Amino acid sequence: MANAYHEVKSVSDLANEPAEYREAIAKIVVSHTVNELYGAQVFDEPAIALAPTPYAKWLSCRIAMEEYHHHVRFKGLADELGIAPAATDPSAKRPLSIFGFPLKTWAEFCVIKMLADLAEILQVEDLLHCSFVPLRNIGRMTMPEEKFHAAFGKDFCSELCKTEEGRREVQKAIDDYAPYLPKFFGAAGSKNNEMYRKYGLKERTNEAMRDDFLARARAVVEALGLRLPELEAVPA
Ligand SMILES: [Fe+2]
Ligand SMILES: [Fe+2]
């Protein structure tokens, strides 16, 4: 679906846009800057210690490096936009629900990469076509890495599922983690989302993105011969 809003090519061109457009950009950039850092701190870096083999550790290091790099990219844009450093400091902000999960096992990390990074892929999909070109460019650099993270999660889950015990562990991690996911897409009927769509910064409503995610997540989980639990709807 093409965006109706015109392209805004650079940070300096923002001076010609309405204040509401600049606010919308700032909110999206702050959200990605904080969440990429928070995710790297609570999941990706600790996962290096949980990884069971040198090979798994190496790939976990790569993922942690890439997630910190995603933060650095978004933070660079936040700085160019003149956003105050405190606004992108995760210690000063309430973390998103998906990061509230207390990671303890390797299987949980693999499930988080398989499902939460798929959720991130959907968010980045909308950035790829958004009206603000600097954000679109970050989306294009980030997407192949998010796809690698989700594929890593799926491959390691599939490896674990080769034993009965591993299969049970992965299913339990899915059952425990999946309830954290629906909120990641925000409330139904969100005013911010309406503003993002008006300015061509997002294509889909929160509800549409969540439904699309749940269908894709279910397909991934069922391909492993496992099940995604029924999840409660998110209140408006
Ligand atoms: Fe990321
Ligand atoms: Fe990722």
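When a ligand or atom number is given, it counts from 1 through the structure's own listing order. A quick note: this is a predicted structure, and the numbers were derived from the prediction, not measured. Sequence positions, counted from 1, serve as the residue numbers for this chain.
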Item checked: All ring pair (Phe, Tyr, Trp, His ring centres under 6.0 Å) counterparts of F184, not counting sequence neighbours -> none

Item checked: Closest heavy-atom pair and its distance - E203, R197 -> O-CD, 3.8 Å

Margin query: Among the N/O/S atoms of H70, which is closest to the Fe ion (ligand 1)? Give the atom name.
Written below: ND1

Item checked: Heteroatom test (N, O or S) for E145 near the Fe ion (ligand 2), limit 2.8 Å -> no

Checklist line | N, O or S atom within E146 nearest to the Fe ion (ligand 1), by name | finding: OE2

Notebook entry, point to check: When the aromatic ring centroids of F109 and F43 are compared, is their separation below 6.0 Å?
Noted result: no

Next item on the list: Give, rounded to 10 degrees, the angle between ND1 (H149) and OE2 (E67) as seen from the Fe ion (ligand 2).
Entry: 90°

Note to self: For a quick test of reading the model, state the closest non-hydrogen atom pair linking E108 to P102 and the distance between them.
What the structure shows: OE1-O, 4.0 Å

Next item on the list: Return yes when at least one N/O/S atom of D44 is nearer than 2.8 Å to the Fe ion (ligand 2), and no when none is.
Entry: no

Check: Considering only N, O or S atoms, which atom of D117 is nearest to the Fe ion (ligand 2)?
Finding: OD2

Next item on the list: Output the atom name for the N/O/S atom of E36 with the smallest distance to the Fe ion (ligand 1).
Entry: OE1

Check: When you check the gap from the basic side-chain N to the acidic O, do R62 and E66 get nearer than 4.0 Å?
Finding: yes

Note to self: So that I know where these two stand, are Y21 and Y5 an aromatic pair - ring centroids less than 6.0 Å apart?
What the structure shows: yes

